[in-house]
Structures are given as structure tokens and as C-alpha cells.
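Here the structure comes first, spelled out in C-alpha cells, and everything after it is commentary.
Order of the sequence lines sets the chain letters (A, B, ...), proteins ahead of strands, with each chain counted from 1.
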There are 2 protein chains.
Amino acid sequence: MDSKEKILIEAKLLFAQKGFAGVSMRNLAAAVDMSVAAIYHHFPDKNSLYLEMMRYAFTDKSQQLTRLWYSGESAEDKLRNFVKLMIEMLEQDPVFDRLIQREIIEADPKRMQILATDIFNNQFCYLLELIAEISPKTDTHLTAVSVLGLIKYHQEIKPLRHFWQGWKPEHEHADVIADHVLNLLLNGIQNGNNSEKK
Amino acid sequence: MDSKEKILIEAKLLFAQKGFAGVSMRNLAAAVDMSVAAIYHHFPDKNSLYLEMMRYAFTDKSQQLTRLWYSGESAEDKLRNFVKLMIEMLEQDPVFDRLIQREIIEADPKRMQILATDIFNNQFCYLLELIAEISPKTDTHLTAVSVLGLIKYHQEIKPLRHFWQGWKPEHEHADVIADHVLNLLLNGIQNGNNSEKK
DNA sequence: GTCTATATGGCGATAGAC
DNA sequence: GTCTATCGCCATATAGAC
């Protein structure tokens, strides 16, 4: 395999786990079984390596989703499939998931706009249309963010949740989480008993 | 002011901004205008300082919440107040919010267990009981995580959301978000039209 | 392209004076 | 309780041989 790509793959893993400040060039060199100097042959400095890794990690994540929006299914089935696909994607590539989280918390203004507009906004618009169809009365922007939040948070909290009461092994399975999230979205937590309301 | 408390206050700010690995004892010493050795007089090492800062940052928060659990209100009103209080707390103290985010993402195994059990678990248990009362049929653990996710994600995504379609200035207000989250939790997104279901 | 060796400086933590 | 001075180590980055 190409040495440069090997470095990028390992860098993605390490930076996602430990953050920019938490990963040393020595750590990375050890992980790819090379010397530090060999890495500096491929990248001018640590910062450039990080940026190039980000570009590498973000390529072609949206193809699977786009196929979904153009399927001929009903709006509710599309939402069902969207939630399931997103949860599966995050579970399948947790490294990618953590990288997004890192970027949001670091909140570098330049990178932030690229991330928001170039990568996420397109998919967000499809989701908005879908929600407008299913639930025209609600604020579609807020609801779309809630849908993403439910999907994202269950993944995000995985390191903590098994310490908490009521945890079961099945709570780690993508389809169990997907079913729960979809049920909550479509019915709330009262399971059909949503009478009393102002 | 007490030197130790001054250190804790500044440490909270710095660790929230830059993370554990991103803050050196020298940075902190400069921020409180003391020597590094003076800090080591109050704390045995960097890790202990961090843990004590976390406990310090959480004490007043859990007091507010605990008062809420022992109020004589109905379960649904308690949930309503919990969501509102949490959103207000996160908005009012964004440093605290970032601290949680940092902690979850850094997921240091040693710190994780202490924080998850010592600090979060108590409040989580109250939330579990509440949900068990409101919605006995659902999986309470998953539902509690969803409640936290809805609250947390709307705050977490703030740096990104205004780039996305459908955003309005009012989406930044705590009470608008709280109303939206509560409506979603109690009714789902279909607004009472939750008939068709497997 | 990859290595060994090294320059230069910041890191966590400690010793001991005041 | 706070300081100055220092230890030993690890950080980023470079030089030059192969």
C-alpha cells in the first residue's frame, strides 16, 4: 500500500480518538511503523497533515444517502430508511462520526463553513422537504435538527451509556436504536396517549 | 479570593476551550498569575486538578436539578421543567456545556467511569424514574438518552445550524427550543395523527 | 523514501529557600 | 503558600547518510 495513504488512514483513526493536541508525531510514526522523519517527507508539518486527512476522510459519504432520497417510497418510509441508514453509517464508521464531533467542538470558523455548506447542507435540505411532507405544522428546521440529534446522540453517548442504570447489551445494536428513535419521532413517548395538551 | 478556587475557575475555562491535552500547567499558571509550583501545592497532579475542577463545575448544577425532582408537581410537569431548566443551564453556561462535550469525546477510560457514575448517574436515575412514570411501555434507558440527546444536540449544533436552510433567529432562544423538544417528546412529529403503525 | 541522529524547546513534576 | 531553579522526558522539526 501507498505509504502516504497508510499515514492518512492511521492519522484519521488517531486524531478522531485523541484530538489534534492529543496525538504526537511519534504516536503516529509508531502506528504506521515508520520513523517520524519519514512522515515529514510526505507532509510539511503536523497541521498540513491534519487538514489533508480531513479532506481524505470526508470524500464520498453522501452517495448512499442521495440514492435514498430518489427512491419511490412514501415519505414515512423514506424517514424510516434515513434514520436506519444514518445510524448504520455512524456505527459502521465511528471514526468518521468522531471527526465531525471534533470539528464542531473545535469550531474553527473557516473549516466550519466548509463543513456546514459543502458537506451537510445538501442532505439537510432533502431532510427538510421530507419533514415538511410528513409534518407540515411543525417548524421543519427545528424538527430536522431534532431528527439528526436523536440519531447522533445515541452514537455520541456510547462511551458513557453502559455505566448508567437500565443499560442492556441490545442498546448497542443499530436496529434497536433505530426502532426506538423512529417510534419516538412518529409517536412521542406517550405511545398514542397524547390527549392532554394546551 | 481563595487561590485554589481561582485556579479551579480558570481551569474550567481553559479545559473547556482547549481540552485536557491542549492545556499545560504553564498555561494555567500564567492565566492565574502564579507559578506552576504554586498550583502543585494545591493539587497533587494535573489529572487530580482536572477531576476536582469537574466536580466543582457540576456541584451547583446538580443542586438546581435535585430541587426539581423533589417538587410536588406531576410527572409531565417535572419533565417540562427538566427540559426547560437543562436548556437554560446549557445556554447560560456555555463553558459548562463545552466541558461535557469535551469529556464525552475525550472518553479517557479512567476519568470516564468516575464522571459517569459519580456525577451523571444520580441525575440520570431521577430521569429514568420520571420516564417510567410517564411512559411505562417504552425502554426507559433509551428514552432517557433520547431526552438528553434532544436537549444537548440543539445546543451542540449552534455553530453550524445558522448555515442551514430554514434557520431563523428565534431558533437560538432557549424557550423556543424547549417548546419544540417538549412537543416532540410528548406527541411525536405527527401532531396527533399517529394512527397508522405496525 | 526511509533511516539515524540531533537541535531546540515545552512538558509534568519536584526540591528547597523564604 | 508561593517562589526560583531544575530534573528528566517528550514534543515538533531538521540534517544528512543510504
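- A ring pair (Phe, Tyr, Trp, His ring centres under 6.0 Å) check over residues 76-107 of chain B, counting only residues at least two apart or in different chains, returns the pairs B:Phe58-B:Phe96, B:Trp69-B:Phe82.
- Scanning both residues, B:Leu14 and B:Ala31, for their nearest heavy atoms gives CD1-CB, 4.0 Å.
- Atom pair B:Ile39:CD1 and C:dC11:P shows a separation of 12 Å (rounding to whole Å applied).
- With sequence neighbours excluded, the residues that form a salt bridge (charged side-chain N to carboxylate O under 4.0 Å, His left out) with A:Glu91 are A:Lys158.
- Listed by chain and number, the residues in a side chain to side chain contact (heavy atoms under 4.5 Å, CB included) with B:Glu129 amount to none (sequence neighbours excluded).
- Across all strands, B:Val32 comes closer than 4.0 Å to no nucleic acid atom at all (heavy-atom distances).
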Quick one, A:Gln64 with A:Leu85, criterion side chain to side chain contact (heavy atoms under 4.5 Å, CB included). Give me CA distance, side-chain angles, the key distance, then yes/no. CA-CA 8 Å; A:Gln64 273 179 289; A:Leu85 180 58; 3.9 Å; yes
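- Applying the side-chain hydrogen bond (donor to acceptor under 3.5 Å, both in side chains) rule to pairs touching residues 141-152 of chain B yields A:His154-B:Ser146, A:Arg161-B:His141, A:His180-B:Ser146, B:Asp97-B:Lys152, B:Thr138-B:Thr143, sequence neighbours excluded.
- Between B:Tyr153 and A:Tyr153, a ring centre-to-centre spacing not shorter than 6.0 Å is recorded.
- Residues satisfying the salt bridge (charged side-chain N to carboxylate O under 4.0 Å, His left out) criterion with A:Lys4, sequence neighbours excluded, are A:Glu52.
- Side-chain contact check for A:Gln165 and B:Asn121: no donor-acceptor pair (N or O, by modelled atom type) lies under 3.5 Å.
- Consecutive pairing runs in DNA chain C reach the stem threshold at C:1-18 with D:1-18, where a stem means at least three Watson-Crick or G-U wobble pairs with distances under 3.5 Å.
- Across all non-hydrogen atoms, the minimal contact from A:Glu88 to A:Ala174 is CG-CB, 4.2 Å.
- Sorted by residue number, the list of members of residues 6-21 of chain B with any non-hydrogen atom under 4.0 Å from DNA chain C is empty.
- Partners of B:Lys18 according to the salt bridge (charged side-chain N to carboxylate O under 4.0 Å, His left out) rule, which considers only residues two or more places apart in sequence or in another chain, do not exist here.
- Defined by atom type and a distance below 3.5 Å, a donor-acceptor pair is missing between the side-chain atoms of A:Glu76 and A:Ser74.
- Across residues 40-53 of chain A, A:Tyr40, A:Asp45, A:Lys46 each have a non-hydrogen atom less than 4.0 Å from an atom of DNA chain D (numbered order).
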Name the pairs: protein N/O against N/O of nucleotides 4-9 of chain C, kept only if under 3.5 Å.
none

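- Using cut-offs of 30° and 60° for the angle between ring planes, the B:Tyr50 and B:Phe20 rings count as perpendicular.
- The nucleotide range of DNA chain D contacted by chain B, defined by atoms under 4.0 angstrom from heavy atoms of the protein and reported 5' to 3', is D:dG1 to D:dT4.
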Under the side chain to side chain contact (heavy atoms under 4.5 Å, CB included) criterion, do B:Ile157 and A:Leu148 qualify, and how do the steps go? CA-CA 10 Å; B:Ile157 208 66; A:Leu148 294 176; over 6 Å; no
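- Remark: A:Asp93 pairs with A:Lys12, A:Lys61 by the salt bridge (charged side-chain N to carboxylate O under 4.0 Å, His left out) rule, at least two apart or across chains.
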